[in-house]
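When a residue number appears, it is its place in the shown sequence, counting from 1.
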Amino acid sequence: MCFKEKVAVLMSASPGTLGGLRGLTHVRSILGNIGVLVLPDQQAIGNAYQAFDENGNLKDEAQQTSILQLGSKLATVSVKLNLPV
């Protein structure tokens, strides 16, 4: 199966205050059931229509840092498991 031995992190953004957080639970379950290793950390960006500047960058530096850290963790785990990034 094409999803086995893949690694993922979850992120979402939505206009609601929770940023799609409730949907991530279902995505995590689906990915886990098809053989994807889903890392425990995740990020949801609420009020997404206000969260990004005109260039598509997050206005909140803490959120931007969190997103970058998720990518870094994904790359680190993939390398440690000897998987393609």
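In this structure, the side chain of Ser12 engages the main chain of Gly19 through a donor-acceptor pair within 3.5 Å. When atom types are taken as modelled, the side chain of Ser66 and the backbone of Ala62 share no donor-acceptor pair closer than 3.5 angstrom. Formation of a donor-acceptor pair under 3.5 Å by the Asp60 side chain with backbone atoms of Gln63 is found in this model.
The local environment of CD in Glu61 is sparse, with at most 12 non-hydrogen atoms from other residues, nucleotides or ligands closer than 6.0 Å. The environment of Lys59 atom NZ is dense: over 12 non-hydrogen atoms of other residues, nucleotides or ligands sit within 6.0 angstrom.
Expressed to the nearest 0.5 Å, how far CG of Asn82 lies from CD of Glu5 amounts to 10.5 Å. Residue Ile45 holds its CD1 atom at 10.0 Å from OG of Ser14, rounded to the nearest 0.5 Å.
With hydrophobic clusters built from ILVMFWY side chains whose heavy atoms lie under 4.5 angstrom apart, Phe3 shares a cluster with Leu10. Under a hydrophobic clustering in which Ile, Leu, Val, Met, Phe, Trp and Tyr are joined whenever their side-chain heavy atoms come within less than 4.5 Å, directly or via other members, Leu24 and Ile34 fall into the same cluster. Both Leu74 and Leu81 belong to a single network of hydrophobic side chains, linked directly or stepwise wherever heavy atoms of I, L, V, M, F, W or Y lie under 4.5 Å apart. A continuous path of Ile, Leu, Val, Met, Phe, Trp and Tyr side chains, each step under 4.5 Å between heavy atoms, connects Val27 with Leu18, placing both in one hydrophobic cluster.
For the pair Gly46 and Ala51, the tightest heavy-atom approach, listed with the atom from each and the gap, is O-CB, 4.2 Å. In terms of heavy atoms, Leu70 sits closest to Val9 at O-CG1, 3.9 Å. Minimum interatomic distance between Ser78 and Val7 (heavy atoms only, all atoms of both residues): OG-CB, 4.0 Å. What you find for Val36 and Ala8 is that their closest heavy atoms are CG1-CB, 3.8 Å. Across all their heavy atoms, Ala13 and Ala48 have their closest contact at CB-CB, 3.9 Å.
Taking 4.5 Å as the limit, some side-chain heavy atom of Gln42 sits within range of a side-chain heavy atom of Leu21. Proximity of Phe52 to Leu58: side-chain heavy atoms (C-beta onward) are separated by under 4.5 Å at one or more points.
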